[in-house]
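Notes follow once the structure below has been shown.
Reminder, nothing fancy here: chain letters follow the sequence lines and each chain counts from 1. The model shown is predicted, which means the values in this text are computed figures rather than measured ones.
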Amino acid sequence: MKLASWNVNSLKVRLPHVLQWLADTQVDVLCLQETKLTDDKFPVAEIEAAGYQVAYSGQKTYNGVAILSRHPLANEVKNNPLFPDEQQRIIAATIEGMRIVCAYVPNGQTVGSDKYAYKLNWLASLRDWLAAELQAHPSLALLGDYNVAPADRDVHDPAAWVGSVLVSEPERAAFQALCALNLTDAFRLFEQPDKVFSWWDYRQMAFRRNMGLRIDHILLSPPLAARCTACIIDKAPRKLEQPSDHTPVIATLAS
DNA sequence: ATGGCACTCGCTGAGTGA
């Protein structure tokens with residue numbers, strides 16, 4: 001069983017990459033963020049033709065999330081019931097006995113801005129909701145673009161980034177508050193090479209220079225963490241023509 | 001240094017992202 005997450009930065013533009021990547025990797029579950037499509041524009045037929053069921057929640061221009069699954073997908077929930085929000089950033093579903101939560105955490109723009117406050121409130125409310133979800137669903141995975149680099153080793157140049165949005169102490173504390181629900185960063189269950197990232201700026205040849213951040217994560221509750229045998233970030237899609245600025249993260253679970 | 005680039009809406013630029 002392979003679970004994956006990918007911020008595609010427009011599913012309209014990236015659909016060919018997604019379909020090719022599904023064919024190549026055969027992941028069981030793929031969580032997408034930044035689809036940037038209203039639901040009436042979602043490419044259901046193309047995804048179903050690839051052998052995936054899909055749940056999606058979108059809006060025009062911004063945000064938008066989806067879960068693609070090779071297995072039956074049930075009990076779909078859009079957004080956090082504790083956090084009324086116009087922005088479509090969360091979708092959840094139950095697949096093969098696992099509660100899959102796909103999240104696009106707000107960016108926060110700049111430390112101290114209104115959007116930063118929204119981000120911290122959003123994350124605090126996510127924590128509260130997940131605490132309840134975990135009571136009902138002990139096997140839970142939270143996959144998505146967290147817009148938080150949890151530690152300095154997740155940042156290409158920690159000195160250059162110190163205190164800024166995506167790495168600030170309150171954001172990292174919010175990430176740790178999620179971990180404190182007994183959720184484990186699947187990537188850190190394993191020995192990993194240095195300087196592995198999931199996002200690189202489009203500018204300044206950042207990808208070629210590996211000037212990146214690790215901000216896309218898969219957190220697993222104890223029953224799933226116990227089954228996790230690998231977690232990797234697949235850089236291949238970032239090398240394609242017209243790539244997303246993010247690249248997928250994949251966790252493998254033993255059956 | 002607030003730039004750089006990509007995406008969207010919908011216009012000839014602005015907003016947002018990370």
Between [X] and [N], is there a contact of a side-chain N or O with OP1 or OP2 at under 4.0 Å?
X	N	value
A:Ser164	B:dA18	no
A:Lys115	B:dT16	yes
A:Gln109	B:dG15	no

Pick the [atom1] atom in [N] and in [M], then give their distance to the nearest Å.
N	M	atom1	result
B:dT2	B:dG15	C1'	15 Å
B:dG3	B:dC9	P	24 Å
B:dC11	B:dA1	P	37 Å
B:dG10	B:dT16	P	15 Å

Using whole Å, what does the distance between atom [atom2] of nucleotide [N] and atom [atom1] of [X] come to?
X	N	atom1	atom2	answer
A:Gln87	B:dG15	CD	C1'	13 Å
A:Leu213	B:dG17	CG	P	16 Å
A:Trp161	B:dT2	CH2	C1'	13 Å
A:Gln242	B:dC5	CD	P	15 Å
A:Gln59	B:dT16	CD	C1'	12 Å
A:Asp157	B:dA18	CG	C1'	15 Å
A:Glu171	B:dA18	CD	C1'	10 Å
A:Lys119	B:dA18	NZ	P	8 Å

cation_pi(A:Arg214, A:Phe197) dist<6.0 Å, angle<=45: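 No, A:Arg214 does not sit over the ring of A:Phe197.
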
Consider the side chain of [X], meaning its heavy atoms from C-beta on, and name the nucleotide among [options] that approaches it most closely.
X	options	result
A:Tyr202	B:dG4, B:dA6, B:dT8	B:dA6
A:Leu166	B:dC9, B:dA18, B:dT16	B:dA18
A:Asp245	B:dG4, B:dA18, B:dC7	B:dA18
A:Gln204	B:dA18, B:dG3, B:dT8	B:dG3

Using heavy atoms to find the nearest nucleotide of DNA chain B for A:Asn147 and A:Lys60 separately, return the residue whose nucleotide is more 5′.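 Its nearest nucleotide lies further toward 5', so the answer is A:Lys60.
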
Using the closest heavy atom to pick a nucleotide of DNA chain B for each, name whichever of A:Arg14 or A:Thr110 lands nearer the 5' end.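 Taking each residue's closest nucleotide, the earlier one in sequence belongs to A:Arg14.
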
Checking all strands, does [X] fall into the base, sugar-phosphate, or nothing category for heavy-atom contacts under 4.0 angstrom?
X	result
A:Asn7	sugar-phosphate
A:Val13	sugar-phosphate
A:Tyr104	sugar-phosphate
A:Asn9	sugar-phosphate

Going by atom types alone, do A:Glu34 and A:Asn7 pair a side-chain donor with an acceptor below 3.5 Å?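 Distance-only check passes for A:Glu34 and A:Asn7.
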
For the residue pair A:Tyr118 / A:Asn107, report whether a side-chain donor-acceptor contact shorter than 3.5 Å exists.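 No, because no side-chain N or O of A:Asn107 sits under 3.5 Å from a partner of the opposite role on A:Tyr118.
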
Is it the case that over 12 heavy atoms from other parts of the model lie below 6.0 angstrom from the CG atom of A:Asp194?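 It does not: A:Asp194 CG has 12 such atoms or fewer within range.
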
Heavy-atom count around A:Gln26 CD within 6.0 Å, excluding the residue itself: above 12?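 For A:Gln26, atom CD is crowded (more than 12 foreign heavy atoms under 6.0 Å).
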
Classify the side chain of A:Asp201 versus the base of B:dA18 as yes if they form a donor-acceptor pair under 3.5 Å and no if they do not.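 For A:Asp201, whose side chain was compared with the base of B:dA18, there is no donor-acceptor pair (under 3.5 Å).
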
Spell out, as yes or no, whether a donor-acceptor pair under 3.5 Å connects the side chain of A:Arg209 to the backbone of A:Gln204.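 Checking the backbone N and O of A:Gln204 against the side chain of A:Arg209, a donor-acceptor pair under 3.5 Å is found.
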
